[in-house]
Protein chains: 2
Amino acid sequence: MNPSIEALQAFAEVAARGSFSAAARALGKSQSTLSESVANLEIDLGVRLFDRTGRLPVLTPEGVSLLARTRQVLDSVDVLKRHAAELSIEGVEPRLTLVLSDTFQSTSLERFITLFAERFPDVELEFLFGEEDDVLHLVDEGRAQLGFIAARPHYPATLAHQRLDAESRIGVFAAKSHPLVKAGVTSHPELSRYRELRLGTYLQGGGAGKTGLSWSSPSYLMLLEMTRIGAGWAELPEWLVENYGGDMLQQLDIPGWPRSVRVDMVWSRRSRPGPALAWTLQRLSSGGQHDNAGDDQ
Amino acid sequence: MNPSIEALQAFAEVAARGSFSAAARALGKSQSTLSESVANLEIDLGVRLFDRTGRLPVLTPEGVSLLARTRQVLDSVDVLKRHAAELSIEGVEPRLTLVLSDTFQSTSLERFITLFAERFPDVELEFLFGEEDDVLHLVDEGRAQLGFIAARPHYPATLAHQRLDAESRIGVFAAKSHPLVKAGVTSHPELSRYRELRLGTYLQGGGAGKTGLSWSSPSYLMLLEMTRIGAGWAELPEWLVENYGGDMLQQLDIPGWPRSVRVDMVWSRRSRPGPALAWTLQRLSSGGQHDNAGDDQ
DNA sequence: GTTCATTATCGGTTTTTCCGATGGTATCCA
DNA sequence: TGGATACCATCGGAAAAACCGATAATGAAC
């Protein structure tokens, strides 16, 4: 037989107030209910929880011990109820999936994560990584709710987008030991004689257009790694090279590079953003640093 | 309104089996009960837990999220019930209080603690520290269930005792920088001209008998500390000096010292030892190293 | 000793839980 | 296409539990 949650609440309240009557008043129930409820709980558990010889009930040692576990039960019930209320009344999403791009600097992400954990402790955060078309695809099909992508002029009609303040610089890099560094390559045509390590998405199978000389990976981090070991040259975000490139990479002085790219957030128009997504959009679109940007609702 | 534990069990079971009927069979209830139970839970929480369009119910994203919390509730309920069963059926004590003496080597204690934690995970272990009469007093008045004390020939009639295998050597120590070390004291009468740092219990107020020249503390560790800073000489367990004395103490060569003292366990005769205490007595009295010493019940 | 607050117990009502039966429906197989 | 099967939701009724108000007993305080 399972104890009822009401009985557990009664037990905890009586223990806390030291009196059946006071606990009854606190819980808005009658004294007799509490008395019977606790008595039944004692029968249920097979343990005498209170010493009732005196005027007021006193916890037995067993009662003290079981009270601790009872509180754990009640706490977990509260968590459950609170989360359910968020889901139903406020309509908060059970989880939020973000597709991150290495174009998007991860430093500004740390602040966001801690704030999000405070504001939505019950929402599961899921991170995916992807670049370019993969981002759009994941968001469009609903696998992710929010994506970050190197800004482009046009987006599918089903996607909303917003440009972020931050901009990211993309340069052309090669390992210092790579032949093209010694050869002093300074133009793009020359570059194309060497192997390019380029971003390849999951979507387009085996590189349409550029083939043969180029290798591809869907992750900037793996491109960086391959560049480090001298497998070729690559377009890489500068911040990524600064943080993870060590001293082994050399930025190439090519006309038109490094380029400054802006980052866009994209999300689906198909359904109205839930509270967690809306909050996230607000926070990130206003730059994140000034919190007083009049962002209610 | 609180959800009932039965309903939460039903929810978890349906989610686990993927079918109301299967869950009903598993829980020994009727299918209609489970169906209604979960339906009411959904109303209670205000959240749709299952998608019922197909033949079998499928968890909604919200359901997945709430299922995790529900499992936590059920787990904590299981802990509560298990602990209650131990307390009631097996009569396990809610907590066990030991009075440790620094005479008792703490190395053999570590093994005991880990084994105890395995065998009685729900029993609270409380440690007190005391020496001599304090130990007897705490055990006799029920504040502690088991005490360790330097062996003595007679004990109060209300206390049972058992000699342990291990023996502890007590020597006379002083700081190497203390005058009596340089003076080359070799007999007890000479010693008495210097300040003694002696064990003083909580019981006997301000040192009956030896006064004036002696300072006292109820803890060997504090005596050790005072000896180290050169406040006087003291009788100390050798193992304590070895472990915590550093190189600052000198053992004095006094006739009759160091003494070998045995350690006794003492417990009350007033009530039959509970399972946890009985287990502890068995384990410690047989030395702790050979586990096959025929100790059942 | 009297008064006050507290607890246990008892009858009765309301609510919840549970069951069996029933009907509707998706899935599978002939 | 049609039948068999397993599944689910719903309904009425029975059993159990929760809850209340009233009452009597008891410890504490004055």
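Chain letters run A, B, ... following the sequence lines, proteins first, then strands; residues in each count from 1. In what follows, every heavy atom counts, from backbone to side chain, and hydrogens, waters and symmetry copies are set aside.
- For the pair B:Q9 CD and C:dC18 C1', the interatomic distance rounds to 15 Å; values are reported in whole Å.
- The nearest whole Å value for the distance from the CZ atom in A:R17 to the C1' atom in C:dA5 is 17 Å.
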Would B:F112 and B:L98 satisfy side-chain contact (heavy atoms from CB on, under 4.5 Å), going step by step from the backbone distance to the final call? CA-CA 12 Å; B:F112 160 74; B:L98 310 182; 3.9 Å; yes
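- Here D:dA17 presents its P atom at 16 Å from CD1 of A:I5, a figure rounded to the nearest Å.
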Derivation of the salt bridge (Lys or Arg N to Asp or Glu O under 4.0 Å) call for B:D134 and B:R143: CA-CA 11 Å; B:D134 284 344; B:R143 175 66 183 85; over 6 Å; no
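- Of the residues in residues 28-40 of chain B, B:G28, B:K29, B:S30, B:S32, B:T33, B:E36 come within less than 4.0 Å of DNA chain C through at least one heavy atom, sorted by number.
- In summary, the aromatic rings of B:F50 and B:F11 are positioned with their centroids under 6.0 Å apart.
- Looking only at side-chain heavy atoms (C-beta outward), B:E62 and B:E42 stay at 4.5 Å or farther from each other.
- Regarding A:F20, its CZ atom lies at a distance of 11 Å from the P atom of C:dT9, rounded to whole Å.
- Residue-to-nucleotide proximity on DNA chain D shows that, of A:M1 and B:V14, the 5′-proximal contact is made by B:V14.
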Below 3.5 Å, can you tabulate the donor-acceptor pairs from side chains in residues 115-123 of chain A to any protein atom, sequence neighbours excluded?
residue	atom	partner	partner atom	Å
A:D122	OD1	B:R69	NH1	3.2
A:D122	OD2	A:R82	NH1	3.0

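- Residue A:S35 holds its OG atom at 6.5 Å from CZ of A:R52, rounded to the nearest 0.5 Å.
- In this structure, B:R55 places its CZ atom 6 Å from C1' of C:dA26, rounding to the nearest Å.
- Regarding B:F50, its CZ atom lies at a distance of 14 Å from the C1' atom of D:dC7, rounded to whole Å.
- Summary for the helix from C:dG1-D:dC30 to C:dA30-D:dT1: the axes at its two ends, each from 5 pairs, differ by 30° when rounded to the nearest 10 degrees.
- Atom CG in A:L56 sits about 13 Å away from atom P in C:dA5, given to the nearest Å.
- Within the 4.5 Å cutoff, no side-chain heavy atoms of A:V266 are placed close to those of A:V99.
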Using the side-chain contact (heavy atoms from CB on, under 4.5 Å) rule, take A:L80 and B:L8 through it: C-alpha gap first, then chi angles, then the decisive distance, then the call. CA-CA 11 Å; A:L80 175 65; B:L8 297 181; 3.8 Å; yes
